[in-house]
Amino acid sequence: MRLIQVFDPALCCSSGVCGTDIDQNLVVFAGDAEWLKQQGGSLYRFNLAQQPLVFAETPAVASFLELSGEEGLPVTLVDGQVVLTGRYPSRTELMRYVGLALPKASETDGAEANTEPSKAGAIKGIVKSECCSGSSGCC
């Protein structure tokens, strides 16, 4: 399986799920990260407040911080490549990143899913069909 690394902004503790004002996104992501580990996935988190040297020693993250600053965190890497910035990945995204089979549409409350992840499927999921169709006005 692929290696996922999540570079968090400065948090009060390693998970960010502490203190009196807890961000619900951190609660959800912490649960999804633990779930992924239970499925055999490799996910490591790094906290800017506690592990700044890792940020400096990871070329993709160091470059990102130079251009975007700490405001752009979190940054998610898969096998050293930046795949997501500015928010935490969803469980479905984590599954896709490590190559686990995605749930069927009936298991995702009608959300679009692909049961056999592939490069073509991943690209198809990113590029929306209505984009550049002439009526969208994006092109």
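- The salt bridge (charged side-chain N to carboxylate O under 4.0 Å, His left out) contacts involving residues 27-40 comprise D32-R91, where partners must be two or more places apart or lie in separate chains.
- From R45, atom CZ reaches atom OH of Y88 across 5.0 Å, with rounding to the nearest 0.5 Å.
- Taking the side chain as every heavy atom from C-beta outward, L73 and D8 never approach each other to under 4.5 Å.
- Nearest heavy atoms, N47 versus P9: OD1-O, 3.4 Å.
- Once rounded to the nearest 0.5 Å, the distance linking CE of M95 with CD of Q39 reads 8.0 Å.
- Minimum interatomic distance between Q5 and F46 (heavy atoms only, all atoms of both residues): NE2-CE1, 3.8 Å.
- Contact between P89 and L94 at its shortest, heavy atoms only, is CG-CD2, 3.6 Å.
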Counting only pairs under 3.5 Å, give me each side-chain donor-acceptor contact of residues 53-70, with atom names and distances, residues two or more places apart or in other chains.
{"unit_1": "T58", "atom_1": "OG1", "unit_2": "V54", "atom_2": "O", "d": "2.7"}
{"unit_1": "S63", "atom_1": "OG", "unit_2": "P59", "atom_2": "O", "d": "3.1"}

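- Atom CG of L43 and atom CZ of R2 lie 14.0 Å apart (nearest 0.5 Å).
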Would you mind writing out the side-chain donor-acceptor pairs for residues 75-84 within the sub-3.5 Å range, not counting sequence neighbours?
{"unit_1": "D79", "atom_1": "OD1", "unit_2": "L3", "atom_2": "N", "d": "2.9"}

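- Formation of a donor-acceptor pair under 3.5 Å by the E93 side chain with backbone atoms of S90 is found in this model.
- Under the 4.5 Å side-chain heavy-atom criterion for grouping Ile, Leu, Val, Met, Phe, Trp and Tyr, W35 is connected to V6 within one hydrophobic cluster.
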